[in-house]
Q: 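Okay, here's the structure, questions in a sec.
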Amino acid sequence: MALDIENTKSDGFSSVARSIRTQLHAIMGFSEMLKLGIADEAERKNALDSILASSRSLLRLVDELQDRNKAEGEMAAEAKPAVVSEAEHKRRLSSTQVIKLTVTDFSAKVKRVLVVDDSPVNLAVLKAMITRFGIKDVVSAANGKIALEKLTAPGAQPFDLVLTDMWMPEMDGNALVGALRKLPQFAQLPVYAVTADVEVQKKFASQGFSGILLKPLTLQKLKPLLG
């Protein structure tokens, strides 16, 4: 029973972390674009609206966390606290690792990029950031199925890079990269996971991805790929 409770807490924390990173992705991405300057008034308004909407979502999330923490605190007060020895505490601290993510520099100039995400806001952020590097041909897809159709359509122009979210309806990022790696013409195509799920960093290479970009994205994170 104790193990089930701990697993539930771990899953809950991971879900909350993904939600926070996803909202920060829009806030930080569009804030960076606004700081650099957005000439088009409609794009500027869209950026401000997205920042406001994501900020409100974060506020709701904080309120939910406070309510949950209060409820758990009341439950914990009724239970006998677990005693952790000093040796065990040190062991847990020493086992904690900070994982640094890196992306591979491309020697070739990137001209055409396919971005895949079921969130219109995330697609808008990615497109705005990519165009900052002078790349004008940015194609979007709402899920892996649509992306695969765009990649394999008869006479389709080749893409230099694919940036895909992991969790999407119909076909997720794992299924997309799996399908691409089965086709000889896409065996070496750079496909990067763009995700708020930190757990993906432990297994992305074995799944066929070229690398991982952890949300929230910044221009600095994209620079090794597009700069």
Side-chain angles (χ1 to χ4, degrees), residues 13-40 42-59 61-62 97-141 147 159-168 173 177 190-202 204-205 209-227:
F13 177 79
S14 296
S15 177
V16 169
R18 286 196 298 271
S19 297
I20 291 174
R21 286 183 175 276
T22 298
Q23 300 305 329
L24 286 175
H25 175 63
I27 294 172
M28 293 177 65
F30 277 126
S31 294
E32 196 168 21
M33 296 302 98
L34 287 168
K35 184 177 180 180
L36 293 173
I38 298 179
D40 186 84
E43 290 185 10
R44 184 173 179 275
K45 182 179 182 302
N46 179 62
L48 291 170
D49 289 342
S50 297
I51 290 172
L52 182 58
S54 294
S55 298
R56 286 171 175 167
S57 294
L58 275 180
L59 181 58
L61 181 60
V62 169
Q97 297 178 351
V98 178
I99 302 175
K100 295 182 179 180
L101 301 178
T102 58
V103 293
T104 306
D105 291 321
F106 284 122
S107 57
K109 176 69 174 178
V110 176
K111 297 179 182 179
R112 196 162 191 261
V113 180
L114 175 62
V115 292
V116 191
D117 201 304
D118 61 321
S119 167
V121 171
N122 287 342
L123 288 175
V125 172
L126 272 173
K127 185 173 182 179
M129 298 180 85
I130 291 170
T131 55
R132 282 287 175 177
F133 291 94
I135 301 170
K136 304 302 181 183
D137 197 355
V138 183
V139 179
S140 61
F159 289 92
D160 299 307
L161 174 66
V162 176
L163 301 177
T164 179
D165 187 33
M166 294 297 293
W167 310 106
M168 297 175 290
V177 75
V191 181
Y192 279 73
V194 182
T195 180
D197 187 356
V198 295
E199 294 299 316
V200 175
Q201 62 193 338
K202 300 176 182 178
F204 73 87
F209 289 102
S210 307
I212 178 175
L213 294 166
L214 198 61
K215 294 177 183 176
L217 282 188
T218 62
L219 291 176
Q220 192 63 33
K221 287 183 181 180
L222 283 171
K223 190 174 182 179
L225 289 178
L226 307 173

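What you see below is based on every heavy atom in this structure, not just the backbone, and it leaves out hydrogens, waters and symmetry mates.
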Q: Could I get the full list of side chain to side chain donor-acceptor pair (under 3.5 Å) partners for Ser54, not counting sequence neighbours?
A: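 Listed in chain order: Gln23.
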
Q: Do the side chain of Ser210 and the main chain of Val191 share a donor and acceptor less than 3.5 angstrom apart?
A: yes

Q: Could you pull out the closest heavy-atom pair between Val125 and Gly29, with the gap in Å?
A: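 Closest approach of Val125 to Gly29, heavy atoms only: CG1-CA, 3.9 Å.
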
Q: I'd like to check the side-chain contact (heavy atoms from CB on, under 4.5 Å) partners of Leu34; sequence neighbours left out, ordered by chain and number.
A: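 side-chain contact (heavy atoms from CB on, under 4.5 Å) check on Leu34 returns Ile38, Arg44, Ala47, Leu48, Ile51.
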
Q: Who pairs with Leu36 by side-chain contact (heavy atoms from CB on, under 4.5 Å), at least two apart in sequence or on another chain?
A: Met33, Arg132, Leu219

Q: Roughly how far, to the nearest 0.5 Å, is the CD atom of Gln220 from the NZ atom of Lys223?
A: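 The CD atom of Gln220 is 5.5 Å from NZ of Lys223, to the nearest 0.5 Å.
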
Q: According to salt bridge (Lys or Arg N to Asp or Glu O under 4.0 Å), who are the partners of Lys111, at least two apart in sequence or on a separate chain?
A: none

Q: Under a 4.5 Å cut-off applied to non-hydrogen side-chain atoms, are Leu225 and Phe133 in contact?
A: no

Q: Scan residues 112-124 for pairs that pass salt bridge (Lys or Arg N to Asp or Glu O under 4.0 Å), counting only residues two or more places apart or in two chains.
A: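 Found Arg112-Asp137, Asp117-Lys215.
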
Q: Can you give me the closest heavy-atom contact between Phe159 and Val113, atom names plus distance?
A: CD2-C, 3.7 Å

Q: With rounding to the nearest 0.5 angstrom, report the CG to NZ distance, Asp40 to Lys45.
A: 12.5 Å

Q: Taking Leu214's backbone N and O only, do any of them form a donor-acceptor pair with Lys221's side chain (distance below 3.5 Å, no angle check)?
A: yes

Q: Measure across Phe30 and Ala124 and return the closest heavy-atom pair with its distance rounded to 0.1 Å.
A: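 Looks like CZ-CB, 3.8 Å.
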
Q: Working to the nearest 0.5 Å, report the span between OG of Ser140 and CG of Asn122.
A: 12.0 Å

Q: Do Glu43 and Asn46 come within less than 4.5 Å of each other through their side chains, counting heavy atoms only?
A: no

Q: Apply the side-chain contact (heavy atoms from CB on, under 4.5 Å) test between Leu163 and each candidate in Leu217, Leu114, Val115; give the one that qualifies.
A: Val115

Q: Taking all non-hydrogen atoms of both residues, which atom of Thr195 and which atom of Asp165 are closest, and how far apart?
A: CA-OD1, 4.4 Å

Q: Is the shortest heavy-atom distance from the side chain of Leu161 to the side chain of Leu226 under 4.5 Å?
A: yes

Q: Give me the atom names and distance for the closest heavy-atom approach of Phe209 to Tyr192.
A: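 Reported closest heavy-atom pair: CD2-C, 4.1 Å.
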
